[in-house]
Every structure is written in structure tokens, then in C-alpha cells.
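Each remark here refers to the structure printed beneath this line.
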2 protein chains.
Amino acid sequence: MTTTGEGTDHRAPSGPPAAAADLPAATVRRLPEYLRALSSLGESGIETVSSETLAAATGVNSAMLRKDLSQLGASGMRGVGYNVAALAAYIAGVLGLTKDSRVAIIGLGHLGQALARYPGFSERGFDIVGLFDADPGIIGKDLDGIRVRDVTLLAGAVRDEGINIGVIATPGAAAQHVADLLVDAGVTSILNFAPCVLAVPQGVAVRKVDLAVELQILSFHEHHKTIGRANAIERS
Amino acid sequence: MTTTGEGTDHRAPSGPPAAAADLPAATVRRLPEYLRALSSLGESGIETVSSETLAAATGVNSAMLRKDLSQLGASGMRGVGYNVAALAAYIAGVLGLTKDSRVAIIGLGHLGQALARYPGFSERGFDIVGLFDADPGIIGKDLDGIRVRDVTLLAGAVRDEGINIGVIATPGAAAQHVADLLVDAGVTSILNFAPCVLAVPQGVAVRKVDLAVELQILSFHEHHKTIGRANAIERS
DNA sequence: GTCTGTGAACCACTTCACAGCG
DNA sequence: CGCTGTGAAGTGGTTCACAGAC
């Protein structure tokens, strides 16, 4: 399945990930990190982990980890710690990773092609099932067994193939149009790599990743590395 | 230069980006967005912009934009707004984009190759001057005119070629080793795409981008899209 | 009148510190 | 005795609302 790959042999070790609907955004952001650290621990054969250890592996404060997990409604044995396999399964459940997501990538320039071939997606339960572009020079191309289709076929594919996440890797100028296509077709989760702000209706979740922005933030720190004010750089 | 490309003809329109050293992290994160929006406005020939308009273009509250800019020490004419070209130049100065940065990418799998060819980097003043990998099958390969070198040559290249930003696009298992090489060679800014937490000494800035994490956060929202609680999804 | 700059209130998240369970 | 779970305190960031410049 998606998560541990190791651990003991029970399928659903903990109770059902019940009422974990309105977690703080900051907590949600950390859950994938916890999950990754737990997978890594599980592969090392470790069965139990303390909040202190797991927090160190994810770069957070142990109290925050405990608070996150308790808000989430889960586990932990006092005096002992957390069961690695059970906790991983629980978090995976909260994140909705029990059922694989179906992803379309729109825009297959260099970045889009790299995303299409990035093994980390399928490894973690995200099936890339559709590739779309507007450039006739790219349409028809085969990327690791998936053929790039014309973007005009996007809406039909979303419906017919159960696509529920759209990844926009087009130039900025095309991004809003693609977002509109996705939203009209019923997609409510979008990951945007284009350098622009997308307008979407309420209820549609958009996350934005701008690689150049990250470099510019580093540039800022680099530029102001004069005095010994080297604190507060992490987690900026 | 790095930023507007358009606008009026004065080179250094505003005063020197003086004492903007210890800005709040949240502000620094937004500066590149402001800059991008300003570039876009400048290309449209717009010379002046109100905080309201610029805030809308970047998806933030106008009061926050004004506060950011005033903290930064800059500009603004009451009753009128901000001079687009001057403000862009000012922000570029604060971010340290007046001098181009020299970037090395380590790890040239699919993602690293895409990053090496991503035009957005050079467009915004980041010169990719070094590509390094440990795989003999990749070393020697030419990517858009840059030859991939053996990672053992990294330290020397950092010193000889003035590399000041390292981008790690290796598998997780190799990332810490590469980070150590970079730090030992004197690099103090690292952008990490590997799915792991890096340990670095104080004074070294690390930013982490994990593409799968972004999808997992979307998965969470997708999974909990039951009730009409569609607020607070943006900016999570 | 318009739009900036900013004190004050508000809110969210983080850290501390410790009570309580195993 | 160790480690979780959590109230309480602290911190940082956002929004409000308005005084003041143009």
C-alpha cells in the first residue's frame, strides 16, 4: 500500500481515523513529514518511537508533535511511546492516502516532464493517469508509457478517468485558463507550479510551488549574512 | 537586470535598501511574490499601483502589503500609491538580486535535469554554473551546454567558480552527504528537494521543497471534503 | 477625497511546564 | 521513572480601523 511497506501484518491497526476533519493548517502540513519519518523508522525495523525521537527526525519540537497527534485523535502509550506501524497507518488514513489519488499533469515542458517521471509520486500513492499539453510538438509524445494528449481533451478525461488532482506546469500565461478547465470539469485540488496567483471558487484547494521564489528567499538570507544573526533561518 | 525589464530609465530609483536586515520571515516569503506582480504590471506599462491593487494581484490583504513595505523601509505616495518601477527595484535590492547568484545542482535525475533546464531560474537572475552527480552514467552528459561533473569535484568548483547556492536533487539517502560537502566548501544557502531533514550548522540557510508533500496536503483536503467547510484552504 | 502608514486588537501557532498514566 | 497528553503562557503574524499626508 501507500505507507510503511513494513511493520507488522495487521492491516488496520488503529481505530478508524474518525473526527479529524478540521485540523489546523500547520498541523496538516506536518503530517506528511511525520509519515515519511515513520516509514523510514519502520524500514529500520523499529517498532516503537518516542515523541522526542520522532520530533528530532522531522525537525520539530516534541511537544508540538504530541499536540499534533493528540488533536488528530491518535495513540501513544505513556512511558513507552508510539507504535510506528500503527501511527503511520493512522496518519495515512487521516491524509486520505488509503485510496490512491488520480493525477493529471498539464503542461509538459521540462518541469512537467520531470514531474511526470518523478518516481516519488507513484511511490506515495499518486497515480499519474493523464498528461496534457497545448503544443502540437509535444502532443502524442510518450512519457514512460503515458501519451500526452491535447489539452482540449482534459475535461472529458477528468470525468471518464476519475482524475481528482490537477498539476499545472504550464507557463504563467496559460495557468488560469487551465485552472478554469480543471475546475469546470470538477477537480477540486490543484497544485500550481506556474508563477501566478490562480482565482478559483471556494471549495477548491490550490497549493502553489514556485521554485524561483525559493531561490529568491535564499538570496535574501545570503545577501544579509553580515552580522551573526544566523538564527531564525530555518522554517522561514 | 534581474527584475522589471521595463519601466522608466533610472537605474537606482529609490534610496539604497538600507536597514532591512531582520525582516519577519513571513514578510520575506512574500517579497518575491510582490516582485513578480510588479514585473507583470510594469510590462503592462502601468507606472503606479495602489496597495489594494497590488495586494489583489498577489493574493494578500492590502494592510499587510502596506505593513510589509513600510517595514522594508520603502516608498509610497499618499493619495496616489506606489511607483511600480521604483518599488520593484527596491524589493530586488532587499532580496539581493542586484548581483546574480551562482547555483550548483547536485543530482541529475529527472528532477535535477528539469531544474537545470528550467528557464525560470536564469530569467530571475540565478545562473546555473555547475551540475554534479555520482552516477558514471550521467557524468559527462551535456545539459544545455553545461557538462555534468563528478560530485567529488564539487568542493573545488564551489571555491573556484564562486558558487553560493546549492540545490540538492539527489535521492534522500545521498542528501545529507551532499549537504555536508556543500557546507564544508563554504556554501551557506541550500535548496533541498530530497525527502529528508538536513542537519547543517547555524548560519546555513536551508529551504526544503517536497513535491509529494504538497500532493499529500491536497489529498487531505480532498479526503475531508464532506461538509461545506471550504474556508481556510488557501495558504494552508 | 484617496490612499498610505501604523497603533491596537485579534487570532493562530508554538513552547513551556507539569499532571497523570503505564 | 519515562513518556504522553494538555492547560497556560508566550510568540509571531494578520486584520482592523483610523489618523495623517497628498
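Since this is a predicted model, take the numbers as computed values, not measurements. Letters go in sequence order (proteins before strands), and every chain restarts at 1.
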[X] [atom1] to [N] [atom2], straight-line distance once rounded to whole Å:
X	N	atom1	atom2	answer
A:L23	C:dT14	CG	C1'	16 Å
B:R30	D:dG12	CZ	P	15 Å
A:L65	D:dG5	CG	P	10 Å
A:E52	D:dG5	CD	P	14 Å
A:L87	D:dC3	CG	C1'	15 Å
A:R66	C:dT15	CZ	P	12 Å
B:L31	D:dG13	CG	C1'	15 Å
B:Q71	C:dT4	CD	C1'	15 Å

(request) Tell me yes or no: between the side chains of B:E222 and A:S101, is some donor less than 3.5 Å from an acceptor? (result) no
When you get a sec, tell me which of [options] is the closest nucleotide to the side chain of [X]?
X	options	value
A:P24	D:dG5, D:dC18, C:dC13	C:dC13
A:A26	C:dT14, D:dG13, D:dG5	C:dT14
A:R78	C:dT15, C:dG20, C:dT4	C:dG20

(request) Take the angle between the ring planes of A:F121 and A:Y118 and call it parallel below 30°, perpendicular above 60°, tilted in between. (result) perpendicular
(message) Any side-chain to backbone donor/acceptor pair from B:S40 onto B:R36? Under 3.5 Å, distance only.
(response) no
(message) Test your reading of the model: is there a side-chain donor-acceptor pair from A:N192 to the backbone of A:C196, 3.5 Å cut-off?
(response) yes
(message) Check this for me: does the side-chain of A:K67 come within 3.5 Å of the base of C:dT15 through a donor and an acceptor?
(response) yes
[X] side chain near [N] phosphate (N/O to OP1/OP2, under 4.0 Å):
X	N	answer
A:Y82	D:dG2	no
A:N61	C:dC13	no
A:R29	C:dT14	no
B:S51	C:dC3	no

(message) Could you report the tightest heavy-atom contact between B:L65 and B:A55, atom names first, then the distance?
(response) CD2-N, 3.6 Å
(message) By nearest heavy atom, map A:A63 and B:G79 onto DNA chain C; which one lands nearer the 5' end?
(response) B:G79
